[in-house]
Amino acid sequence: MAPDISRRGFLTGGLAAAAGLAVSGLALPAALAAPAGQSDQDLCTLLDLSKCIGCEACVDACRDQWQADLPDPVQPIPRSLPARVPTEDWSGRKQVRDRLTPYNFLYVEHLEVEHAGRRVELHLPRRCMHCQNAPCADLCPFGACQDEKSGVVHIDPEICLGGAKCKNVCPWHIPQRQSGVGLYLNLLPQYVGNGVMFKCHRCLPLLRKGQAPRCLAECPQQVQSIAPRSAQAAQAQALARDMAAKDGASPERWRDYVYGLEENGGTNTIYVAPLPFREINAALLKDHQAKAHKERADAQAAGRPPEPGNLGRPAMGLVKNSMGDAQNLTLALAIAPVAGLAAGLGRLFSKTRRLAGPAAAPAKDSDSQKGGQA
Amino acid sequence: MNNHYAPGGRPAGWLYALACGLLIFSGLAQLPVMKRYYLADLPGLAFSADFYVTSNLHYGAAALLLGLLAWRLGLALRQTGGRWSWGPRGRWGWTLLGLLLLTGAGKALRNAGVFVWPGMMLALDLTHLGAAMAFMLTGLGVLARRGKPAGARQTALARSRP
């Protein structure tokens, strides 16, 4: 079990860890290497956006590490029937790096936000948030989307059929589909599945070896840190209070300057910014709308069908806990058998047929033939 | 021994059928098929394309089924013998139902935030899916057999006799 880290201890340890990372480039601090596979606490990354200069070294590192491993589709890609399901082929556009694609797990948003009468330049690395209770992993019907003890949520490309349910239930619509690859090709490719969903796995194979995610290790500004979530949450709160104060807001408004702490029930990616995320989100939406308009026009000009959905660019609005209803309904599942057993033991509703007497026997026989389902 | 013990009468059977029907429908809707195959385009079925709505429906129907089965268990602990007008008739049906309940409980715990190892989760998902398919096909087979006209059944029975 991971040791409980005090704020002071964390800050000291965090600095040492950051220094260690800067020196080694790749190694995860020993204190965190063990939790990667065995800790009872999720590992969480904290991004201090005030440090990000938008150099995209993280994007380069991610693409260098993983893009070569990603499969190319069979040609021609089987067309789905009915034709409602779109064929999504990014294999000819692997160079795209300004949005999420099956070949690009991380991109950086470059924004200029009007804030308090001045223009603030902001750069936001965006990738999977790695939710603490991830709906993509909970609701995948085939067990292809999985979450690890380390807090990483990943998709097994050997199992995924590309139905895109994970993208549908994700509040940020992160996973991206590549058609023409994966298991579905060996089943009924026209009728079942449509490829494989891809997204950031926070360098899980490296994490399992005790190494840091590449985006974190390669960042020259040390924008990101990784540590057990409780420590990161404390650190995020401290940073956000500081940023709120510097922004002239009451420190009590610190939640406005944090994203991911409570979104979707809590995520293992927490952002802290020098201005409120409400304003960042408004700027993001405006920017995304303009880009979507242009990309749809480009697609039309190129003879491609316009891409549905949010075009691989997640917003940063308030997100309620997607699995909240399921969590509440679990209580109903626990209560129902207790209530049923109590009713049965109390013989409630038990006398209907018995009271009918022997004369009703033939009717009961007929009744008994109608009810069973299996 | 009372061979005609059917507590709750027809309403209990209807509730069981309702719970099973809703579970099968909402379970199928968890596969991404409702929109793909235009089922959600049918009047009144637009909700079936919303995975969260059908998930909640699945939970509600599961609670109803659990309540009914527990009620039956409670009565069975107090009564002996008798014939029930609803529920599986043989070991096959009960085995499938048991598998569905166990794997469903595992999935519900996971959805509530309890950590389940990925390999275990894969086994739970695939077992739940497989058992549900088998349960549905068995139920459809039973209903189809019962749906045959009595005359046809008797003719088939007479033919099968030496």
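Order of the sequence lines sets the chain letters (A, B, ...), proteins ahead of strands, with each chain counted from 1.
- Annotation: side chain of A:L161 is in contact with side chain of A:L183 (closest heavy-atom distance under 4.5 Å).
- By number of non-hydrogen pairs under 4.5 angstrom with chain A, the leading residue of B:A105, B:A70, B:A112, B:G119 is B:A70.
- Atom CZ of A:R84 has more than 12 neighbouring heavy atoms from other residues, nucleotides or ligands inside a 6.0 Å radius.
- Considering only heavy atoms from C-beta on, B:F51 comes within 4.5 Å of A:N168 through its side chain.
- Of all non-hydrogen atoms in A:I155 and A:P175, the two that sit nearest each other are CD1-CB, 4.1 Å.
- With respect to chain B, the highest number of heavy-atom pairs below 4.5 Å among A:L81, A:N194, A:D147, A:L139 belongs to A:D147.
- In this structure, the portion of A:I159 lying under 4.5 Å from any heavy atom of chain B is its side chain and not its backbone.
- Taking the centre and axis of the six-membered ring of B:W84, the NZ or CZ atom of B:R89 falls outside the cone set by 45° and 6.0 Å.
- Contact residues of residues 120-128 of chain B toward chain A are B:L122, B:D125, B:L126 (heavy-atom distance under 4.5 Å).
- Within the 4.5 angstrom heavy-atom criterion, no atom of A:A134 approaches chain B.
- Options A:D156, A:I335, A:V192 differ in how many heavy-atom pairs under 4.5 Å they form with chain B, and the most are formed by A:V192.
- One finds no salt bridge joining B:D50 and B:K35 here, because no Lys/Arg side-chain nitrogen approaches an Asp/Glu carboxylate oxygen to under 4.0 Å.
- Under the 4.0 Å criterion applied to side-chain N and carboxylate O atoms, A:D89 and A:R177 are not assigned as salt-bridge partners.
- Contact count versus chain B (heavy atoms, under 4.5 Å) is highest, among A:S80, A:G324, A:P82, A:A334, for A:P82.
- With respect to the salt-bridge test (charged N to carboxylate O, under 4.0 angstrom), the residues A:E263 and A:K320 do not qualify.
- If you measure heavy-atom distances from A:D138 to chain B, the contacts under 4.5 Å come from both the backbone and the side chain.
- Both the backbone and the side chain of A:A326 come within less than 4.5 Å of a heavy atom in chain B.
- If you check the side chains of B:H58 and B:Q30, you find no donor sitting under 3.5 Å from an acceptor.
- Using a 4.5 Å cut-off between heavy atoms, A:V85 touches chain B through its side chain atoms alone.
- Formation of a donor-acceptor pair under 3.5 Å by the A:R229 side chain with backbone atoms of A:C44 is not found in this model.
- In this structure, chain B has no heavy atom under 4.5 Å from any part of A:N328.
- Within a 6.0 Å radius of OH in A:Y191, other residues, nucleotides and ligands contribute 12 heavy atoms or fewer.
- A 6.0 Å sphere centred on CG of B:L137 holds more than 12 heavy atoms belonging to other residues, nucleotides or ligands.
- With a 4.5 angstrom heavy-atom cutoff, B:Y59 touches chain A via backbone and side-chain atoms both.
- The choice from A:G143, A:A342, A:C140, A:C145 that makes the most heavy-atom pairs within less than 4.5 Å of chain B is A:G143.
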